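Nothing here was measured: the structure is a model prediction, and the numbers come from that model.
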Amino acid sequence: MNERTRSMGYVVEGSVVRKVNEAPARRIGPEIEPPRKNKNKKQSVPASLDRALAFNLKYTIFVVASVCIMIAACVVMLYMETRVSEQKRNINSLEALLEEAQTDNAAYKSSIESMYTLDEIYDVATNELGMVYARSGQIIYYESANEDYVKQYRDVPEAN
């Protein structure tokens with residue numbers, strides 16, 4: 001047999017090549033035994049596990065609080081959105097009322113303006129009420145500090 005074929009794990013016999021069945025390799029070193037459970041002693045929880053559980057409790061509380069805040073924010077947002085849509089509907093109805101009032105006012109104004117002409121007003125004032133135009137000496141001009149209104153404390157003197 002060839003040394004080369006033996007080192008590769010094959011054996012050549014005639015025209016057939018077969019693989020050599022080798023025994024599994026043995027581990028050299030100390031054997032590790034699984035830890036034995038002592039039934040007499042109580043098993044204590046390591047401090048790191050306590051911290052991990054405490055962290056999980058804190059994390060859970062944080063997540064629950066965050067979810068509650070998010071739900072409250074969503075409820076407030078929906079409430080405000082509803083209020084805004086109600087206000088928009090209210091504004092639209094008030095705008096329609098305003099437009100209707102403005103058209104009514106314009107119609108009343110045009111009917112009042114066309115009710116009497118200046119000639120009719122002059123006829124009523126002179127013929128029915130006895131009014132006359134002022135003569136040149138009857139008009140007295142004076143200056144006022146405030147142009148909004150005038151307070152009369154005494155009679156206006158007659159012109160000479």
Side-chain angles (χ1 to χ4, degrees), residues 8-9 19 24-160:
M8 294 177 71
K19 189 171 187 176
R26 291 186 140 204
R27 283 181 93 181
I28 301 173
E31 290 187 24
I32 300 173
E33 294 182 21
R36 297 181 185 176
K37 294 182 180 178
N38 193 349
K39 294 181 182 178
N40 296 336
K41 292 184 180 179
K42 291 183 179 178
Q43 290 184 354
S44 64
V45 178
S48 62
L49 184 60
D50 281 341
R51 277 180 282 183
L53 291 175
F55 175 75
N56 287 340
L57 180 64
K58 288 178 185 177
Y59 180 73
T60 304
I61 290 172
F62 173 75
V63 168
V64 168
S66 299
V67 168
C68 290
I69 289 171
M70 289 299 295
I71 289 172
C74 289
V75 167
V76 167
M77 185 194 71
L78 289 174
Y79 173 74
M80 290 298 183
E81 199 170 289
T82 305
R83 295 261 325 233
V84 166
S85 62
E86 285 178 16
Q87 292 294 330
K88 283 182 181 179
R89 275 187 257 122
N90 191 17
I91 287 171
N92 289 339
S93 65
L94 290 175
E95 284 177 347
L97 286 174
L98 177 64
E99 187 176 334
E100 183 181 333
Q102 286 175 339
T103 54
D104 288 346
N105 284 346
Y108 289 139
K109 183 178 180 182
S110 66
S111 68
I112 287 173
E113 287 175 353
S114 66
M115 187 182 295
Y116 298 107
T117 63
L118 290 177
D119 293 333
E120 290 175 340
I121 293 173
Y122 179 77
D123 264 353
V124 170
T126 55
N127 295 336
E128 294 180 19
L129 301 176
M131 298 175 83
V132 292
Y133 276 113
R135 291 181 295 233
S136 64
Q138 292 177 325
I139 299 174
I140 301 172
Y141 294 101
Y142 64 95
E143 291 183 22
S144 173
N146 190 354
E147 296 180 8
D148 290 342
Y149 63 95
V150 175
K151 287 186 182 178
Q152 184 178 345
Y153 294 108
R154 58 187 165 153
D155 290 337
V156 177
E158 293 201 24
N160 294 343

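With sequence neighbours excluded, no residue satisfies side chain to side chain contact (heavy atoms under 4.5 Å, CB included) with Ser114. Remark: Glu120 engages Tyr116, Thr117 in a side chain to side chain contact (heavy atoms under 4.5 Å, CB included) (not counting sequence neighbours). Scored by the side chain to side chain contact (heavy atoms under 4.5 Å, CB included) test, Ala134 finds Gln138, Ile139 as partners (sequence neighbours excluded). Not a single side chain to side chain donor-acceptor pair (under 3.5 Å) links Arg89 to another residue, sequence neighbours left out. For the side chain to side chain donor-acceptor pair (under 3.5 Å) test, residues two or more places apart in sequence or in another chain that qualify with Tyr79 are Arg83. For Leu94, the side chain to side chain contact (heavy atoms under 4.5 Å, CB included) partners two or more places apart in sequence, or in a different chain, are Asn90, Leu97.
Rounded to the nearest 0.5 Å, atoms CG (Asp123) and CG (Leu129) are 11.5 Å apart. One finds the CE atom of Met80 at 10.5 Å from the OG1 atom of Thr82 (value rounded to the nearest 0.5 Å). Rounding to the nearest 0.5 Å gives a distance of 10.5 Å between CD of Gln102 and CD of Glu95. In this structure, the separation between CG on Leu57 and CZ on Phe62 is 14.0 Å, given to the nearest 0.5 Å. One finds the CD atom of Gln87 at 9.0 Å from the OG atom of Ser85 (value rounded to the nearest 0.5 Å). The CG atom of Leu118 sits 12.5 Å away from atom OH of Tyr122, with the distance rounded to the nearest 0.5 Å.
With a 6.0 Å radius and a threshold of 12 heavy atoms from other residues, nucleotides or ligands, Glu99 has its CD atom at or below the threshold.
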